[in-house]
Amino acid sequence: MDRRVPAGPQDGGANGSAGTAAAAFAVDKAPLLGKKSKAGPSGRAAHYTGRMTIYVLVVALVSATGGMLFGFDVGIAMASFQEEYFPEIYTRSIAGQKDSDPYCKYHDTRLQLFSAIMFLSGAVIAVPAGLASRHFGRKISMLASGCCFLLGAGLQAGSHSLVQLIIGRCILGFGVGTAASVVPVYISEVAPYASRGGLAYLFQLAVTAGILAAQLVNYGNQYIPVWGWRLSLGLAAMPACVLCLGGLVLPESPSYLLEQGRWAEGKAVLQMLRGTDEVDAEYADICDAARASARVSAWESWKNLVTRQNLPMTIMATSLAFLQQLTGINAIIFYAPIMFDSFSKSTAALLNAVIIGGVNVAGTLVGMPLVDKVGRRPLLLEGGIQMLLSQIATCAILGAGFNSSSTLSTGTAAAALTMICLFISGFSWSWGPIVWVLGAEVQTLDTRTSGMSAVVFANYISSFIIGQAFLSMLCGMKYFAFLFFASWNLFMTLLVYYLLPETKGVPLEDTAYACLFARHPFWRRVMGKAGKQVLEREAFRAAAFRQAEAVEGGDLRDLAKYYEALGL
């Protein structure tokens, strides 16, 4: 069906006063998110006819295995591994030497470096990974991520020195950082807008499944003497193989194809993903975004992140990513076997870690259907409060439990485990996945890869700092370390309450995200005139779309030419 767009509004053209007045009126009357209206973002979204299909689910599942790269590579607490690379810790914890302070038993700078170095290399690779994703495509970048992880896993499994082990872990970090920079973007671009949050949760679900799988493998391999830890590290290559396969067989993102001017191919992939040929409305929005993005260089993309129009989204996405690690999640996940081995005489430290891993997976599954129904903001608020209360309780339990003994009783250890599981569940359905959802969805196409790189950099730098410092914190602050993280959870929850608008249900290539921030009581002051221009442009786009819908004859791709002629 050919839908030609008029050269300009019938009542005055691009610069006509009537057109300007209409635009201004539409800005004032533009609906907030979620209201049904014939104007504004939800008006165009009503014409999106795509649905959730088996094909798009499979595509999202395969690409989400990139999250398993991070999840599978958790800490190793086996005696044979400690004896090989950390003999002082082995002597203190395994061979029978007693330590007067259970909080300091595993305090070792080399162990902290081993655990944290992957995040530092992941942060370093985030910027080039974003550039590669923009220039070479999402598929090739995912393939490169899988290859890096395969190499790193092989080096770790075959290592015979701590230096080789750390080099392997750095290369693993390159793979993990690349996957984190590319996979959430890819999933957001292939997913139907109404189901994007749930499908984006698949990345976090893969992370949690990888953590659980690693803990189960570690639990079983602890009974294999001498080389069981090598098997645990080597099996990390399995999800990398799946991601490499995905990089070969998955379709390229429609947004990337259209940005490269491959119009027919992009539309064909979009139709295949949506399960229908009637994709004109979504196709028009992606074409509009693609034309704007094609005029922006890689350097300008980074500069645009801090322009007034994009600054609120950049600040919120990177701040939430950095703060995610100040919940204390990675400290608990990576060091759970160590903590429980130190806190209790029980030999079930790894089994406790398996329980935590199971709760992590279950919590992510609970959040998956809620994120597109309840919304991002309510889940972040509830999860923040739940994590805050559980960490305060953990602090109190450990403080009371160590008053008269250097080890925890069985009942006290069980209570601490319960509180940590409560913390894990709150994180896994809120701050865990939603940080990646927001990081990929609130940016425009021209800033999406650079914006996601900034999100990954912020998150991994924070992870490196916490990973490098946690055992020292635990030794110095003792159970007050949990109170330290609780205070950050309070700050994060207040930040979301006051500064984050709800973003569910907005088409990805729509400009409605900027509109939400432009209407926000605080961010509209930050955006200033740029915010008003965003609202005017959005209102005019909605009017242009309605005009195009009423005219038979062309391709809704012409909307982009119309917007360009109007200086939008």
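Numbers here are sequence positions counted from 1. Since the structure is predicted, the reported quantities are computational estimates derived from the model, not experimental observations.
For the atom pair CG (Leu257) and CD (Gln260), the distance works out to 8.0 Å, reported to the nearest 0.5 Å. For the atom pair CG of Leu495 and CG of Leu500, the computed distance is 8.0 Å after rounding to the nearest 0.5 Å. How far CD1 of Ile286 is from CG of Leu445: 9.0 Å, rounded to the nearest 0.5 Å. One distance of note links OG of Ser428 with CD1 of Ile329; it measures 7.5 Å at 0.5 Å rounding. The line from OG of Ser487 to CZ of Phe482 is 13.5 Å long, rounded to the nearest 0.5 Å. Interatomic distance, Gln325 CD to Ile466 CD1, rounded to the nearest 0.5 Å: 8.0 Å.
At distances below 3.5 Å, not a single donor-acceptor pair connects side-chain atoms of Arg138 with backbone N or O atoms of Tyr186. Looking at His520, its side chain never comes within 3.5 Å of a backbone N or O of Cys515 through a donor-acceptor pair. With Ser195 contributing its side chain and Pro192 its backbone, the two residues share no donor-acceptor pair below 3.5 Å. The closest donor-acceptor contact from the side chain of Ser430 to the backbone of Leu380 lies at 3.5 Å or more, if one exists at all. Thr364 contributes no side-chain N or O that, together with a main-chain N or O of Leu205, makes up a donor-acceptor pair within less than 3.5 Å. No side-chain donor-acceptor contact under 3.5 Å links Arg196 to the backbone of Val190. Not a single donor-acceptor pair under 3.5 Å links the side chain of Ser133 to the backbone N or O of Gly130. Remark: the backbone N or O of Ala458 is not paired with any side-chain donor or acceptor of Ser462 at under 3.5 angstrom.
Within the structure, the salt bridge (Lys or Arg N to Asp or Glu O under 4.0 Å) test picks out no pair touching residues 424-433 (sequence neighbours left out). Residue pairs meeting the side chain to side chain donor-acceptor pair (under 3.5 Å) criterion with at least one member in residues 248-257, sequence neighbours excluded, are Glu189-Ser253, Ser255-Glu509.
For Phe427, there are no ring pair (Phe, Tyr, Trp, His ring centres under 6.0 Å) partners, not counting sequence neighbours. Under the salt bridge (Lys or Arg N to Asp or Glu O under 4.0 Å) criterion, Arg376 pairs with Asp372, Glu441, sequence neighbours left out. Scanning for side chain to side chain donor-acceptor pair (under 3.5 Å) contacts around Gln324 gives Asn459, with sequence neighbours left out. Residues passing the salt bridge (Lys or Arg N to Asp or Glu O under 4.0 Å) test with Glu382: none are found, sequence neighbours excluded. Applying the side chain to side chain donor-acceptor pair (under 3.5 Å) criterion to Ser450, with sequence neighbours excluded, gives Ser301. Checked against ring pair (Phe, Tyr, Trp, His ring centres under 6.0 Å), Tyr460 has the following partners two or more places apart in sequence or in another chain: Phe119. Glu259 pairs by the salt bridge (Lys or Arg N to Asp or Glu O under 4.0 Å) definition with Arg134, not counting sequence neighbours. Not a single ring pair (Phe, Tyr, Trp, His ring centres under 6.0 Å) links Tyr497 to another residue, sequence neighbours left out. Listed by chain and residue number, Gln386 satisfy the side chain to side chain donor-acceptor pair (under 3.5 Å) test with Ser425 (two or more places apart in sequence, or in another chain).
Taking each heavy atom of Trp429 and Gly363 in turn, the nearest pair found is CB-O, 3.2 Å. In plain terms, the two heavy atoms of Ser141 and Ala129 that are nearest each other are OG-O, 4.4 Å. Contact between Gly451 and Leu305 at its shortest, heavy atoms only, is CA-CD2, 3.7 Å. In plain terms, the two heavy atoms of Lys139 and Gly247 that are nearest each other are CE-O, 3.2 Å. In this structure, Glu502 and Pro378 approach most closely via the heavy-atom pair OE1-CD, 3.2 Å. Minimum heavy-atom separation, Ala180 to Phe203: CA-CZ, 3.9 Å.
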Kindly determine whether Ile171 and Phe149 satisfy side chain to side chain contact (heavy atoms under 4.5 Å, CB included), including the steps that lead there.
CA-CA 7 Å; Ile171 297 175; Phe149 204 87; over 6 Å; no
Kindly indicate, with the supporting measurements, whether the criterion side chain to side chain contact (heavy atoms under 4.5 Å, CB included) is fulfilled by Val371 and Lys504.
CA-CA 8 Å; Val371 66; Lys504 70 169 182 174; over 6 Å; no
Can you list the steps and then say if Leu150 with Cys241 is a side chain to side chain contact (heavy atoms under 4.5 Å, CB included)?
CA-CA 7 Å; Leu150 281 173; Cys241 291; 3.8 Å; yes
Kindly determine whether Gln443 and Asn310 satisfy side chain to side chain donor-acceptor pair (under 3.5 Å), including the steps that lead there.
CA-CA 8 Å; Gln443 302 289 349; Asn310 295 313; 5.7 Å; no
Trace of the side chain to side chain contact (heavy atoms under 4.5 Å, CB included) decision for Leu199 with Met52
CA-CA 10 Å; Leu199 287 179; Met52 174 65 73; 3.6 Å; yes
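Within the 4.5 Å cutoff, the side chain of Asn360 has no heavy atoms near those of the Ile356 side chain. A 4.5 Å side-chain heavy-atom check between Ser145 and Leu243 finds at least one atom pair inside the cut-off. Tyr193 is not listed as a side-chain neighbour of Val506, based on a closest heavy-atom distance of 4.5 Å or more. When side chains are defined from C-beta on, Trp431 does not count as touching Asn489, because their heavy atoms never get closer than 4.5 Å. Contact annotation: the side chain of Thr327 never approaches that of Leu323 to less than 4.5 Å [non-hydrogen atoms, C-beta and beyond]. Side-chain contact between Pro184 and Met452: present, with at least one pair of heavy atoms (C-beta onward) separated by less than 4.5 Å. Residues Thr314 and Thr447 are not in side-chain contact: their nearest non-hydrogen atoms beyond the backbone lie 4.5 Å or more apart. Annotation: side chain of Trp436 is in contact with side chain of Val456 (closest heavy-atom distance under 4.5 Å).
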When the side chains of residues 55-66 are checked against the rest of the protein, which donor-acceptor pairs come out under 3.5 Å, sequence neighbours left out?
{"unit_1": "Ser63", "atom_1": "OG", "unit_2": "Val59", "atom_2": "O", "d": "3.0"}
{"unit_1": "Ser63", "atom_1": "OG", "unit_2": "Ala60", "atom_2": "O", "d": "3.0"}
{"unit_1": "Thr65", "atom_1": "OG1", "unit_2": "Val62", "atom_2": "O", "d": "2.5"}

